[in-house]
Peer 1: 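One structure, as structure tokens, below. Some questions next.
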Amino acid sequence: MKKQAFENFIYGVFLLLGLITVGCVLLITVYLIISGIPAIREIGLFKFLFGKTWASTAKTPQFGILPFILTSIYGTAGAIALGVPIGFLTAVYLAKAAPPKVKAVVAAAVSVLAGIPSVVYGLVGMLVLVPGIRSIFHVPDGASLLAAIVVLAVMILPSIVNVSITALEAVPQEYEDASLALGATPTETYFRVSVPAARSGIAAAVVLGVGRAIGEAMAVMMVSGNVANMPSLFQSVRFLTTAVASEMSYSSGLQRQALFSIALVLYLFILLINAALNFFLKRSKEA
Amino acid sequence: MQTGISKKRRAYILLMRILMWLSVALTAGLVLFLVTYVMAKGLPEISWNLLTTKPSYLSGNIGILPDILNTVYIIIAALIFVIPLGAGAAVYLNEYARNKKLVAVIEYAAETLSGIPSIIYGLVGMLFFCSFLDMQTSLLAGALTLVIMNLPTVLRTTQESLKTVPQSYREGAFGLGAGKWRVIRTVVLPGCVDGIITGCILSVGRILGESAALLFTAGFAHAIHGFFEGLNSAGATLTVALYVYAKEQGEFGVAFAIAAILMVLTLLIQLAAMLVGRYFKKRRDL
């Protein structure tokens, strides 16, 4: 009897530990909703989401976050357009065509890329990329959307390469053998048979990249100039993440609440992306 | 190349090969450039004085000892909490849970956590730990925020290694009359040490590189404290210090020195993760 009670107690402890992750997600969701709703109500949802001017410290403050939303979307799209082809082709080569030694070396290099702290990317971006853009394109300031796009493209590369490799390696050998036996060359087999067979996994890799890019704050803050303009390639811009980070330390009142609302918008984006990621991962597992 | 292939096919093959080669060369070149550039700029800036003193506005001295200590404290504090929480959750999922729906919910929650950007962790950490639980801006609040962030990592690595503990071990222990808890304590937990260690190494790497989540929870101070005193006061970790020195103070020399240190540490962590994985794999195969 006593032993049974003890076992039940242990069971309860582990159940509690198991539920902690769920508790954390609920905590984050509830906190963001509670602190994000008041400002949206005061400003008005439409004015908040589609207002084109953010002037939080002006005499008559304006809180329109359309510039941030569009910058985040354009920046992410740019990073995907630049990073996905490179990451995808690297993954195909490493998973299918590379000699074992080359594969080991490049795979290690990619995991180094994944481990580099984002502030280091920001620092190198500030001192190499930003002056580089200024002198190549003859613009007054290189701290721009373009700089952020390049930094983000590099930062999402490891996720794209690693997830794509996993997907490509899971393609059954028989598919490739059949294609080779029918007279296709190895390279044709990789791109016409292996890649289509692994498409759900590769889609998951892209979605994961989107999530990484839209959530990155520090590196982007260091290279994007951080002015609340509507997005344009060579202009200083502010992302959803950097909008929160840059004003939080000195904000108060409605301005502070509006920052929480921005975080709520960002969180909704992330939840959508997570759902898409899960969808693709599940489909690639079933395939 | 085989003969009898049409020109169009040959061109396609050549094009794809060249594109693959270019991409790999670009990726590898990028890594090589980043590592050598940071090392070349940063290593000459590292001096004994930098590593062993604290910054002082009076003498204009810049030292990063407090930041190093803060980083160590925050890693220790976060690991103390995250190991039992993450490993415990994994044990529940793998050994106790019978309800498939609950397992799915917990796993979905863990995946959601691993996708949330660090700036949101920082914000919620600030609201919950610093304001609601009244910890103020402190290393402890920062560490607890990082605990939530790294929970999915430790959970996943432990879960993966639990799956490799042979079912027959558990059955053998049950057959000898052991209770559930005894089986877990003596058979299951020792079998998943490798997963917990791997999870810890990955977490250390992530904590070392984290900055956005710490900005508003742990703060920017550069004072030297003991461990427990340190946890209750604000302090910058190496990454936060790098950000402040580079962005707000324009001290690029110090920033590169910190970047070089971080680069060396991340390389070491990667090596450690690889060696641990290899060691345990070899031991398991015996």
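Letters A, B, ... mirror the listed sequences (proteins, then strands); counts begin at 1. Values below: all heavy atoms of this structure, side chains included; hydrogens, waters and symmetry mates excluded. Predicted, not measured: the structure shown is a model, and the values here were computed from it.
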Peer 1: Which bit of L262(B) comes within less than 4.5 Å of chain A, counting heavy atoms only: side chain, backbone, both or neither?
Peer 2: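 Only the side chain of L262(B) comes within 4.5 Å of chain A.
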Peer 1: Could you tell me which portion of M274(B) (side chain, backbone, both or neither) has an atom closer than 4.5 angstrom to a non-hydrogen atom of chain A?
Peer 2: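 Neither the backbone nor the side chain of M274(B) comes within 4.5 Å of chain A.
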Peer 1: Where do E210(B) and Y121(B) land on the side chain to side chain contact (heavy atoms under 4.5 Å, CB included) test, with the steps shown first?
Peer 2: CA-CA 11 Å; E210(B) 188 47 58; Y121(B) 280 108; over 6 Å; no
Peer 1: As an exercise: rank V128(A), V161(A), L277(A) by heavy-atom pairs under 4.5 Å with chain B and give me the winner.
Peer 2: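 When all of V128(A), V161(A), L277(A) are compared, V128(A) has the most.
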Peer 1: Find the one option among W181(B), Y37(B), F252(B) whose heavy-atom pairs under 4.5 Å with chain A are most numerous.
Peer 2: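 The residue among W181(B), Y37(B), F252(B) with the greatest pair count is W181(B).
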Peer 1: Please identify, among V240(B), L267(B), V91(B), the residue contributing the most non-hydrogen atom pairs under 4.5 Å to chain A.
Peer 2: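 Of the candidates given, the most pairs with chain A belong to V91(B).
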Peer 1: Check each atom of A108(A) against the heavy atoms of chain B and say whether the ones under 4.5 Å are side chain, backbone, both or neither.
Peer 2: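 Neither the backbone nor the side chain of A108(A) comes within 4.5 Å of chain B.
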Peer 1: Does Y96(B) have more than 12 heavy atoms from other residues, nucleotides or ligands lying within 6.0 Å of its OH?
Peer 2: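 Enclosed: over 12 neighbouring heavy atoms sit under 6.0 Å from OH of Y96(B).
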Peer 1: Measure from NZ or CZ of R192(A) to the centre of the six-membered ring of Y12(B) and say whether it is under 6.0 Å with the direction within 45° of the ring axis.
Peer 2: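 The answer is yes; both the distance and angle limits are met.
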Peer 1: Roughly how far, to the nearest 0.5 Å, is the CG atom of L151(B) from the OG atom of S114(B)?
Peer 2: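 Reported to 0.5 Å precision, the distance equals 10.5 Å.
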Peer 1: Please state whether the side chain, the backbone, both or neither of S23(B) comes within less than 4.5 Å of a heavy atom of chain A.
Peer 2: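 For S23(B), heavy atoms of backbone and side chain both lie under 4.5 Å from chain A.
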Peer 1: By the side-chain hydrogen bond (donor to acceptor under 3.5 Å, both in side chains) test, which pairs, at least two apart or in different chains, include something from residues 20-30 of chain A?
Peer 2: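 Matches after skipping sequence neighbours: T29(A)-Y267(A).
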Peer 1: For the interface with chain B, which of T242(A), L123(A), T241(A) has the highest count of heavy-atom pairs at distances below 4.5 Å?
Peer 2: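 Heavy-atom pair counts peak at L123(A).
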Peer 1: Do M149(B) and S118(B) have side chains that approach each other closer than 4.5 Å (heavy atoms only, starting at C-beta)?
Peer 2: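 SC-SC contact between M149(B) and S118(B) confirmed.
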Peer 1: Could you tell me which portion of L34(B) (side chain, backbone, both or neither) has an atom closer than 4.5 angstrom to a non-hydrogen atom of chain A?
Peer 2: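 Only the side chain of L34(B) comes within 4.5 Å of chain A.
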Peer 1: Checking heavy atoms, do the side chain of L265(B), its backbone, both or neither come under 4.5 Å from chain A?
Peer 2: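 No part of L265(B) comes within 4.5 Å of chain A.
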Peer 1: Test side chain to side chain contact (heavy atoms under 4.5 Å, CB included) on I10(A) and I184(B) and set out the steps.
Peer 2: CA-CA 11 Å; I10(A) 295 284; I184(B) 287 173; 5.9 Å; no
Peer 1: Considering only heavy atoms, which portion of V92(A) lies under 4.5 Å from any heavy atom of chain B: side chain, backbone, both, or neither?
Peer 2: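 For V92(A), the contact with chain B is made by backbone and side chain together.
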Peer 1: In terms of heavy-atom pairs under 4.5 Å with chain B, which of L259(A), I273(A), L15(A) leads?
Peer 2: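 Maximum pair count with chain B is reached by L15(A).
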Peer 1: Chain A: which of V35(B), L22(B), L32(B), L85(B) shares the most heavy-atom pairs with it under 4.5 Å?
Peer 2: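 Going by pairs under 4.5 Å, I would pick L85(B).
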Peer 1: Answer with side chain, backbone, both or neither: which region of V103(B) has an atom nearer than 4.5 Å to a non-hydrogen atom of chain A?
Peer 2: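 For V103(B), no heavy atom lies under 4.5 Å from chain A.
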Peer 1: Which atoms of L26(B) come close to chain A, meaning under 4.5 Å heavy atom to heavy atom: side chain ones, backbone ones, both, or neither?
Peer 2: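 Looking at L26(B), just its side chain touches chain A.
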Peer 1: Between M20(B) and chain A, with a heavy-atom cut-off of 4.5 Å, which part of the residue counts as in contact: side chain, backbone, both or neither?
Peer 2: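 Both backbone and side chain.
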Peer 1: Can you see whether T239(B) engages T237(B) through a side-chain donor-acceptor pair at a distance of less than 3.5 angstrom?
Peer 2: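 Side-chain D/A pair, T239(B) to T237(B): present.
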Peer 1: With a 4.5 angstrom heavy-atom cut-off, which part of E111(B) approaches chain A: side chain, backbone, both or neither?
Peer 2: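 For E111(B), heavy atoms of backbone and side chain both lie under 4.5 Å from chain A.
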Peer 1: Do you know which of V154(A), L26(A), N274(A) has the most heavy-atom pairs with chain B at a distance under 4.5 angstrom?
Peer 2: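 It is N274(A).
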Peer 1: Which bit of A217(A) is near chain B, if near means a heavy-atom gap under 4.5 Å: side chain, backbone, both or neither?
Peer 2: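 Just the side chain, heavy atoms under 4.5 Å.
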Peer 1: Can you tell me which portion of V24(B) sits under 4.5 Å from chain A's heavy atoms? Options are side chain, backbone, both or neither.
Peer 2: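 Both parts, heavy atoms under 4.5 Å.
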Peer 1: Name the option with the most non-hydrogen atom pairs under 4.5 Å to chain B; the candidates are L19(A), I28(A), V244(A), V110(A).
Peer 2: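 Among the listed options, the one with the most contacts to chain B is I28(A).
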Peer 1: Please look at L19(B) and chain A and tell me whether the side chain, the backbone, both or neither of the residue comes under 4.5 angstrom of a heavy atom of that chain.
Peer 2: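 Both parts, backbone and side chain.
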Peer 1: Side chain from CB out, backbone as N, CA, C, O: work out which of these in L127(B) comes under 4.5 Å of a heavy atom of chain A, or both, or neither.
Peer 2: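 For L127(B), backbone and side chain are both near chain A.
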Peer 1: Has R212(A) got more than 12 heavy atoms of other residues, nucleotides or ligands less than 6.0 Å from its CZ?
Peer 2: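 For R212(A), atom CZ is not crowded (no more than 12 foreign heavy atoms under 6.0 Å).
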Peer 1: Please flag which part of F256(B) lies under 4.5 Å from any non-hydrogen atom of chain A: side chain, backbone, both or neither.
Peer 2: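 Both the backbone and the side chain of F256(B) come within 4.5 Å of chain A.
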Peer 1: For Y121(A), check ring-ring contact (aromatic ring centres under 6.0 Å, His included) against everything at least two apart and list the hits.
Peer 2: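 For Y121(A), no residue satisfies ring-ring contact (aromatic ring centres under 6.0 Å, His included) once neighbours in sequence are set aside.
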Peer 1: Sort L157(A) into side chain, backbone, both or neither according to what part of it lies under 4.5 angstrom from a heavy atom of chain B.
Peer 2: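 Just the side chain, heavy atoms under 4.5 Å.
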Peer 1: Using side chain to side chain contact (heavy atoms under 4.5 Å, CB included), reason through L17(A) and I20(A) one step at a time and then give a plain yes or no.
Peer 2: CA-CA 5 Å; L17(A) 291 174; I20(A) 276 185; 4.3 Å; yes
Peer 1: Assign the ring pair F132(B) / Y31(A) to parallel, tilted or perpendicular, where the plane angle (0 to 90°) is split at 30° and 60°.
Peer 2: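 Judged by the thresholds at 30° and 60°, the geometry between F132(B) and Y31(A) is perpendicular.
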Peer 1: Parallel under 30°, tilted from 30 to 60°, perpendicular over 60°: which one fits the rings of Y93(A) and W21(B)?
Peer 2: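 Tilted, since the angle between the ring planes falls between 30° and 60°.
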Peer 1: Side chain, backbone, both or neither: which part of M222(A) has a heavy atom under 4.5 Å from chain B?
Peer 2: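 Contact with chain B: backbone and side chain both.
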Peer 1: With a 4.5 angstrom heavy-atom cut-off, could you sort out which part of F216(B) is near chain A: side chain, backbone, both or neither?
Peer 2: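 F216(B) touches chain A through side-chain heavy atoms alone.
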Peer 1: Between E247(A) and R238(A), is there a side-chain N and carboxylate O pair less than 4.0 Å apart?
Peer 2: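 Salt bridge present between E247(A) and R238(A).
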Peer 1: Among L271(A), V13(A), I270(A), L94(A), which residue has the highest count of heavy-atom pairs closer than 4.5 Å to chain B?
Peer 2: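 Greatest number of close heavy-atom pairs with chain B: I270(A).
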Peer 1: Testing the 3.5 Å rule here: is there a donor-acceptor pair between the side chains of T153(B) and S203(B)?
Peer 2: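 No pair is found: no donor N or O on one side chain lies under 3.5 Å from an acceptor on the other.
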Peer 1: Looking only at heavy atoms and a cut-off of under 4.5 Å, which of G209(B), A28(B), A87(B) has the most pairs with chain A?
Peer 2: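 Option with the greatest count: G209(B).
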Peer 1: Other residues, nucleotides and ligands only: do more than 12 of their heavy atoms fall within 6.0 Å of CZ on R182(B)?
Peer 2: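 12 or below, so no.
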